[in-house]
A.B. asks: 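First the structure, which I've put down as structure tokens, then a few questions once you've had a look.
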Number of protein chains: 2
Amino acid sequence: MNSRDLLPMGEISSRSGFAASAIRYYEAEGLITAHRSAGGQRRFERGVLRRLAFIRAASNVGLTIEEIRDELARLPGNRTPTKADWHRISKHWRKRLDDQIAALQRLKGGLDNCIGCGCLSLRSCAFSNAGDWAAERGPGAQLLPDTLRRPHPVKRDSSS
Amino acid sequence: MNSRDLLPMGEISSRSGFAASAIRYYEAEGLITAHRSAGGQRRFERGVLRRLAFIRAASNVGLTIEEIRDELARLPGNRTPTKADWHRISKHWRKRLDDQIAALQRLKGGLDNCIGCGCLSLRSCAFSNAGDWAAERGPGAQLLPDTLRRPHPVKRDSSS
DNA sequence: CCTTGAACTCAAGTTCACTTCAACTTGAAC
DNA sequence: GTTCAAGTTGAAGTGAACTTGAGTTCAAGG
């Protein structure tokens, strides 16, 4: 771990595609670690790029920071995932995606039914009925699993 | 529109499944309207229940408040949707669901590829590569459409 | 009349995953 | 030695869709 092998913020940022602020945030959250230069600047090991790739992939699948942290922690000794690790993890992720797809398809099925009846009735229409099979959940979204609830902003790129 | 036909907050709330606070919020946002009692309490017309059912359904599909407001406004004269209206609207919603499903399936396809290679490499793995085909988007989520970004809290029910 | 539960308002809080800002310091090149 | 891009910090802001809280008033029953 020669100091020549350590990368500064800018390089990690451009190579990973994450903004510096995001990388600092991930460090604060314990998803990655950094060394410091004499003057206090961050110096990253190369492996951090892999971790960041993992973080991006996990985030694409819809995992929260907390879940990503757990998943990273489960990799023994903070190592880069082996093929076996990755196999196990991606199985997990795949199930998550399958669940999400299934939920949307159920929703669509309900919609298709309702096209026929044109009802949208509180009493008989399962698609919008709060007290029926899509019972006691949050306010707006009843048929969707937690993982498919509404998005949050994520500012669009200022370039372009 | 006899005053006997107007429903108070509690009844609208329990029949629709929305919290009173949510209903007040929807009113403030212009999704529904209410009359007032002599003392200033809200009195709702029965039709509001249908509107709320519509709001729930739309919210299930993932529409924002803004989109729901637009969609409601497009119903001429604030009327309850006719069969034709509903047909048009549900076609729109169906397309949205189809897009979301397709996006998840693309994502899953990428994941399946990666199980084979076990790579998760910044250079070659499209699933986590920021600069490749899943190019310039927000920070975390690259392959997901805006409609499928991360959820927001929605407090769990305190009853139960 | 009195109590009690339901409703009211308005401001502030919540969550998540970051970004933005202001004010300052580093460090590499010239 | 000067310059200036790149880096640092901590606090505050963002957005959606509500919820919570404090303090007050309404309305129906007894």
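Lettering of chains follows the sequences in order, A, B, ..., and the numbering in each one begins at 1.
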A.B. asks: Please tell me if B/S37 has a side-chain N or O lying less than 4.0 Å from either OP1 or OP2 of D/dA27.
C.D. replies: yes
A.B. asks: What residues, two or more places apart in sequence or in another chain, satisfy salt bridge (Lys or Arg N to Asp or Glu O under 4.0 Å) together with B/R42?
C.D. replies: B/E27
A.B. asks: Under 4.0 Å between a side-chain nitrogen and a carboxylate oxygen: does that hold for A/K95 and A/D99?
C.D. replies: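 A salt bridge links A/K95 with A/D99.
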A.B. asks: The side chain of A/A19 lies closest to which of these nucleotides: D/dC18, C/dT19, C/dA17?
C.D. replies: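 In terms of side-chain proximity for A/A19, the closest of D/dC18, C/dT19, C/dA17 is C/dT19.
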A.B. asks: Provide, to the nearest angstrom, the distance between the NE2 atom belonging to A/H35 and the C1' atom belonging to D/dG7.
C.D. replies: 18 Å
A.B. asks: Distance check needed: D/dA17 C1' versus B/L52 CG, whole Å only.
C.D. replies: 15 Å
A.B. asks: D/dA27 C1' sits how many Å from B/L7 CG, rounded?
C.D. replies: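 Going from B/L7 (CG) to D/dA27 (C1'), I get 16 Å.
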A.B. asks: Would you call B/R88-B/D85 a salt bridge at under 4.0 Å N-O?
C.D. replies: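 Salt bridge: yes.
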A.B. asks: Measuring from atom CD of B/E45 to atom CZ of B/R50, what distance do you get when rounded to the nearest 0.5 angstrom?
C.D. replies: 14.0 Å
A.B. asks: So which atom in B/I32 and which in B/F44 form the shortest heavy-atom distance, rounded to 0.1 Å?
C.D. replies: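 Closest approach of B/I32 to B/F44, heavy atoms only: CD1-CE2, 4.2 Å.
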A.B. asks: Please enumerate all protein N or O atoms sitting under 3.5 Å from an N or O of nucleotides 11-13 of chain D, with distances to 0.1 Å.
C.D. replies:
none

A.B. asks: What is the ring orientation for A/W93 with A/F54, classed by angle as parallel under 30°, tilted 30 to 60°, or perpendicular over 60°?
C.D. replies: tilted
A.B. asks: Can you tell if the side chain of B/R96 reaches within under 4.5 Å of the side chain of B/L63, non-hydrogen atoms only?
C.D. replies: yes
A.B. asks: Establish, with yes or no, whether the OP1 or OP2 oxygen of D/dC18 is under 4.0 angstrom from a side-chain nitrogen or oxygen of B/Y26.
C.D. replies: yes
A.B. asks: Quick one: what's the B/S/- string for nucleotides 4-13 of chain C, heavy-atom cutoff under 4.0 Å, read 5' to 3'?
C.D. replies: ---SSB----
A.B. asks: In this structure, how many angstroms lie between the P atom of C/dA28 and the CG atom of A/L6, rounded?
C.D. replies: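 Rounded to the whole Å, the gap is 13 Å.
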A.B. asks: How long is the line joining CD1 of B/I68 and C1' of D/dA16, in whole Å?
C.D. replies: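 Rounded to the whole Å, the gap is 12 Å.
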A.B. asks: Considering non-hydrogen atoms only, spot the tightest contact between B/L107 and A/N60 and give its length.
C.D. replies: CD2-O, 3.2 Å
A.B. asks: Does B/V48 reach the side chain of B/I23, with side-chain heavy atoms less than 4.5 Å apart?
C.D. replies: no
A.B. asks: Of A/A38 and A/I23, whose nearest nucleotide on DNA chain C comes first from the 5' end?
C.D. replies: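 Final value for this comparison: A/I23.
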A.B. asks: Could you grab the distance from atom OG of A/S59 to atom CD1 of A/I68, nearest 0.5 Å is fine?
C.D. replies: 5.5 Å
A.B. asks: Tell me the interatomic distance from B/E27, atom CD, to D/dC18, atom C1', rounded to whole angstroms.
C.D. replies: 15 Å
A.B. asks: Grab the CD-P distance between B/E29 and D/dA16 for me, whole Å please.
C.D. replies: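 The answer, rounded to whole Å, is 10 Å.
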A.B. asks: Using a 3.5 Å distance criterion without hydrogens, assess whether the side chain of A/R69 forms a donor-acceptor pair with backbone atoms of A/E29.
C.D. replies: yes
A.B. asks: Just jot down the side chain to side chain contact (heavy atoms under 4.5 Å, CB included) partners of B/A20, sequence neighbours excluded, or say none.
C.D. replies: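 Only B/M9, B/R24 meet the side chain to side chain contact (heavy atoms under 4.5 Å, CB included) criterion with B/A20.
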A.B. asks: Could you tell me, to 10°, how much the axis swings from one end of the helix from C/dC1-D/dG30 to C/dC30-D/dG1 to the other, five pairs per end?
C.D. replies: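 Taking five pairs per end, the axes differ by 20°.
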A.B. asks: To the nearest Å, how far apart are A/Y25 OH and D/dG10 P?
C.D. replies: 16 Å
A.B. asks: Check whether any side-chain N or O of A/R51 sits under 3.5 Å from a backbone N or O of A/T33 as a donor-acceptor pair, and report yes or no.
C.D. replies: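 Pair absent, no side-chain N/O of A/R51 close to backbone of A/T33.
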A.B. asks: Can a donor-acceptor pair be found, under 3.5 Å and without considering hydrogens, that links the side chain of A/E67 to the backbone of A/T64?
C.D. replies: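 Between the backbone of A/T64 and the side chain of A/E67 there is a qualifying donor-acceptor contact (under 3.5 Å).
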A.B. asks: Distances under 3.5 Å only, N/O to N/O: pair up the protein atoms with those of nucleotides 1-3 of chain C.
C.D. replies:
none

